[in-house]
Amino acid sequence: MDKTEFRKRYAAARRSIIRNDFKELNNMQQEAVLTTEGPLLLLAGAGSGKTTVLINRIVNLIRYGRGSDTTEVPEYAGEKELCLLEEAAEGKIPADDYIRSLCQVEPAESWRILAITFTNKAAEELKGRLRAALGDVATDIWAMTFHSACVRILRRYIELLGYPRSFTIYDSSDSQAVMKRVLKELDMDEKQFPPRAVLSQISRFKDGLMGPEDMAAEGEKRGDMRLRHIARAYEEYEKRLKNAGAVDFDDLIFLTVRLLSEYEEVRSYYQKFFRYVLVDEYQDTSKLQYKLVSTLAGGYGNICVVGDDDQSIYRFRGATIENILSFEKQFEGARTIKLEQNYRSTGHILGAANAVIRHNSGRKGKELWTDRGQGEKPTLYIADNEDDEAQYVAARIIYAVGTGMNWRDFAVLYRMNAQSNRLEYAFKRNNIPYKVVGGMRFFDHAEIKDVTSYLSAVSNSGDDLRVLRIINNPPRGIGPGTVENIREIGAREGLSLMEVIGGAGEYPALKRSAGKLSEFYRMISDLREKSEELPLDEFYDYMLDKTGYMAALGEKDDALSRIDNIKELKSNIAGYMERTEEPTLAGFLDEIALYSDLDSVEEDDNNVILMTMHAAKGLEFPWVFVVGVEDNIFPSSRSIGEPEEMEEERRLCYVALTRARQHLTLTAAKRRMLFGRTSANLLSRFVDEIPPEHLERPETDGEGYDSFREYRYGDSDTYSAYGGRNTYSGARYRRDYGDGDEGYVPKNTVTGGGYSYKNSEVRRRPIPKAKEKKEIPVQSSAAPLMSLSVGDMVEHRAFGKGQVLEVTAMPGDALLKISFDNVGEKRLMLKTAGAFMKKV
DNA sequence: ATCATAACGCTTTTT
DNA sequence: GCGTTATGAT
């Protein structure tokens with residue numbers, strides 16, 4: 001047998017044996033697992049099992065190295081070995097340990113694998129599942145987020161860039177606080193230069209690896225005064241962070257990339273270090289992140305990215321879909337594998353989602369399919385207003401729970417957090433247990449920021465921002481005047497606030513407050529000593545006591561929840577200490593800086609989940625409600641008219657629809673109160689993109705439905721002047737070109753001042769009053785109330801049997817207190833609950 | 001220093 | 001409509 005022939009047969013047998021280890025995967029998934037070498041683009045549709053693939057791919061790397069993807073043959077291998085392999089491949093003999101060892105070609109050491117995700121949650125899931133598959137070796141895999149991987153690199157080398165090794169990480173609110181100060185001192189008007197906008201501009205420049213000088217030059221070149229101003233703010237902002245020994249979220253990546261590109265020895269160290277690089281959610285990466293991963297993978301060239309161009313929904317944060325679209329161009333010799341079989345949703349749901357996303361251009365082109373049957377058609381409900389909408393959702397949930405579903409099987413998705421309010425009311429009214437995800441983050445609560453500021457100030461006393469926050473909190477007689485003096489001295493002498501405070505006696509300006517200042521200084525010094533002696537949790541208690549923070553809080557009467565939060569933070573510390581070998585204050589601070597609220601969703605809670613569509617990415621639920629499917633809300637008013645934005649909204653729609661496993665319900669309201677104004681929106685254009693074969697629309701027997709939808713393409717020229725737009729400045733008018741198929745809308749239809757599109761003028765027919773809803777009894781005010789009295793036995797759809805304990809008359813309604821056999825006492829309104837109850 | 005009032009302004013936000 | 005923030009009065 002000649003050499004080539006031998007190699008070919010050896011490699012083929014080897015691959016087939018390895019493949020057999022992953023036989024529970026489908027063909028495409030297996031290909032993805034076995035393709036280990038070189039650049040690989042994995043286009044993984046929603047619900048196609050991409051995490052499973054990622055995990056198995058890593059398992060393969062560790063078990064067999066490049067065995068499945070090379071024609072190399074080990075030197076020891078001869079005809080005998082080939083014979084064994086081929087017999088095992090054909091199933092004639094079992095693949096025992098020896099045969100499997102013949103399949104190995106340089107198995108990868110686990111610490112040489114870097115698997116990057118975006119969220120802690122995804123990283124945790126990855127780690128957990130890897131541990132389950134591989135045991136202890138999994139611990140050394142670099143399965144972490146972009147940011148934590150960068151922290152790990154920076155902690156080692158950041159001094160090269162002039163930052164202290166013990167740098168502090170600023171979160172977005174810290175950044176904003178610094179920026180506000182900077183803008184004030186540069187006399188830049190906050191109205192003209194909103195801190196958030198300035199920061200996001202800076203973020204975009206950092207993403208292009210541009211510093212303040214580059215921004216200034218760019219401003220010069222474009223003759224853009226505004227940009228030149230922002231460049232000054234950028235410069236000042238960076239200076240402050242650097243002086244404070246702090247970096248913001250963007251810097252974590254930015255500085256790591258700088259480190260790798262400016263320091264050859266660091267670069268080659270990591271390039272030799274990481275043999276395999278994997279990136280999850282690649283569609284959400286930015287240019288800078290591309291730069292980071294392509295550099296890290298630059299040594300071996302083994303980069304595997306997993307993503308779905310149709311699920312890219314973070315453009316506003318700098319994510320660029322380009323990364324995934326041009327992967328094959330950027331990485332020569334790249335292979336592409338598509339995973340299109342969906343294991344999550346039923347056929348109609350996928351049909352609806354495919355129909356919507358098909359309207360986007362510039363896609364890689366994927367079509368999800370399932371072998372699970374068509375299932376139930378998604379439905380559309382048109383409500384009169386947002387209360388009706390919320391009540392409808394609540395009613396459907398209660399009904400379904402009555403048939404045996406759990407509360408946790410439901411998710412209600414909306415475009416913006418502001419929409420959660422009415423839903424919450426409806427859920428409270430109906431006693432539906434729910435949980436709102438998102439909104440206020442735990443670490444954004446003032447009291448948490450306060451106590452963590454103490455911790456930060458102790459850990460890094462150069463951190464002026466944190467010192468500023470705590471210096472007079474609780475009040476210790478160091479007023480704004482004194483603080484101002486300290487800052488002036490600090491700026492003049494190039495010292496940090498803490499350094500000035502330490503030498504307070506030497507400065508005439510601080511004479512009067514010197515006593516209090518040195519007392520503060522001594523307290524912080526004492527804390528620093530204790531932080532080195534005491535275990536972290538004890539130190540935390542000591543700090544709360546010593547600083548007087550707890551005592552001051554105890555005197556206020558509304559502080560209960562704050563005290564709870566502070567205790568909650570302590571259990572965070574305990575958790576950190578448990579899972580970390582060498583817990584340190586700095587380590588804990590790193591962790592909380594990179595921690596988000598999403599990580600705290602408990603699996604075992606039995607609650608209906610309410611969240612934005614963005615927050616829902618990566619999750620799935622048996623029944624999904626997408627509420628507010630109206631133009632101006634979804635797609636949002638700010639994106640209508642901007643083709644790129646519209647495509648992003650459409651992807652968001654695709655994400656939302658593909659969260660559903662079996663049931664999908666869309667709801668819209670004919671009129672809705674938003675930002676204190678009532679508006680009438682058109683049915684979302686996305687709904688019109690779903691063909692009737694995949695969407696059950698309300699029967700067209702009612703004029704209400706007709707009029708609601710007819711304006712979609714009807715008098716849109718006049719009707720486009722919906723509310724909300726009129727408050728924008730001229731620069732935004734161009735959005736009125738519509739989404740490309742709407743025709744030009746003269747800008748003078750945006751009437752200034754009040755809400756001057758008049759419904760009566762625009763609508764050819766008045767909107768009829770509420771119609772009787774079919775199927776779901778949403779009670780109208782005219783509906784007769786059931787009569788109940790104390791002692792009556794009732795049966796409730798969701799809560800089961802119970803006895804009425806109390807009836808309190810209320811105007812047009814009654815408050816019931818019912819003791820249910822299974823779920824205990826509940827307070828319900830007769831009007832709402834009556835529809836789900838009968839007397840027994 | 002703490003409260004009250006007015007004024008604003010408002011997608012989405014993995015880190 | 002509501003929550004945050006700036007400002008001024010006590």
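Between A:L610 and the options A:V627, A:N417, A:V436, a side chain to side chain contact (heavy atoms under 4.5 Å, CB included) holds for only A:V436. The side-chain hydrogen bond (donor to acceptor under 3.5 Å, both in side chains) test with A:K617 singles out one residue from A:T658, A:T612, A:T119, A:D284, and that residue is A:D284. Of the residues listed (A:E649, A:E322, A:E645), the one engaging A:R315 in a salt bridge (Lys or Arg N to Asp or Glu O under 4.0 Å) is A:E645, and it is the only one.
Remark: A:K191, A:R196 in residues 185-203 of chain A come within less than 4.0 Å of DNA chain B through at least one heavy atom. Non-hydrogen atoms lying under 4.0 Å from DNA chain B are contributed by A:Y314, A:F316, all within residues 307-316 of chain A.
As a whole-Å value, the separation of A:F675 CZ from B:dA7 P is 21 Å. As rounded to whole Å, 17 Å separates atom C1' of B:dT12 from atom CD of A:E644. Here the C1' atom of nucleotide B:dT11 and the CE atom of A:M646 are 14 Å apart, to the nearest Å. As a whole-Å value, the separation of A:D171 CG from B:dT13 C1' is 13 Å. A:R651 places its CZ atom 18 Å from the P atom of B:dT12, with the value rounded to the nearest Å. In this structure, A:L674 places its CG atom 17 Å from P of B:dG9, rounding to the nearest Å. The CG-P distance, from A:L413 to B:dT13, rounds to 12 Å in whole Å.
The side chain of A:R638 contributes an N or O atom lying less than 4.0 Å from OP1 or OP2 of B:dT11. Contact annotation: A:N417 reaches the phosphate of B:dT13 (side-chain N/O to OP1 or OP2, under 4.0 Å). Between A:S639 and B:dT11, a side-chain N or O to OP1/OP2 separation shorter than 4.0 Å is absent.
Remark: side-chain polar atoms of A:S453 are paired, donor with acceptor, to backbone N or O of A:K449 under 3.5 angstrom. Judged purely by atom type and a 3.5 angstrom limit, A:D388 uses its side chain to pair as donor or acceptor with the backbone of A:D384. In this structure, A:S684 contributes its side chain and A:F686 its backbone to a donor-acceptor pair below 3.5 Å.
Among the heavy atoms of the strands, none lies under 4.0 Å from A:E648. Residue contacts shown for A:M673 are limited to sugar-phosphate atoms, with no base heavy atom under 4.0 Å away. Within the 4.0 angstrom heavy-atom criterion, base atoms lie near A:E645. Using a 4.0 Å heavy-atom distance criterion, A:T117 is classed as making no nucleic acid contact.
Note that the first and last nucleotides of DNA chain C, 5' to 3', having any atom under 4.0 angstrom from a heavy atom of chain A are C:dG1 to C:dA6.
Residues A:K617 and A:G479 each lie close to DNA chain B; by heavy-atom proximity, the contact nearer the 5' end of the strand is made by A:G479. Toward the 5′ end of DNA chain B lies the nearest nucleotide of A:N472, the other residue of the pair A:T612 and A:N472 mapping further downstream.
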Donor-acceptor contacts, no H, no angles, side chain residues 179-189 of chain A, under 3.5 Å, sequence neighbours left out:
unit_1	atom_1	unit_2	atom_2	d
A:E185	OE1	A:R240	NH2	2.6
A:E185	OE2	A:R487	NH2	2.6
A:D189	OD1	A:K191	N	3.3

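A donor-acceptor pair shorter than 3.5 Å cannot be found between the side chains of A:N460 and A:S166.
For B:dT11, the O4'-C1' to base torsion is within 90° of 0; the nucleotide is therefore syn.
On the P atoms, B:dT13 is 16 Å away from C:dT4, given to the nearest whole Å. Taking the P atom of each, B:dT12 and C:dT5 are spaced 15 Å apart, rounded to whole Å.
Every salt bridge (Lys or Arg N to Asp or Glu O under 4.0 Å) that A:D280 has, sequence neighbours left out, goes to A:K50. With sequence neighbours excluded, the residues satisfying salt bridge (Lys or Arg N to Asp or Glu O under 4.0 Å) with A:E125 are A:R129.
Checked against a 6.0 Å centroid threshold, the rings of A:F146 and A:F118 count as neighbours.
By the 4.0 Å N-to-carboxylate-O rule, A:K435 lies too far from A:E424 to be salt-bridged with it. One finds a salt bridge joining A:D590 and A:R155 here, because a Lys/Arg side-chain nitrogen approaches an Asp/Glu carboxylate oxygen to under 4.0 Å.
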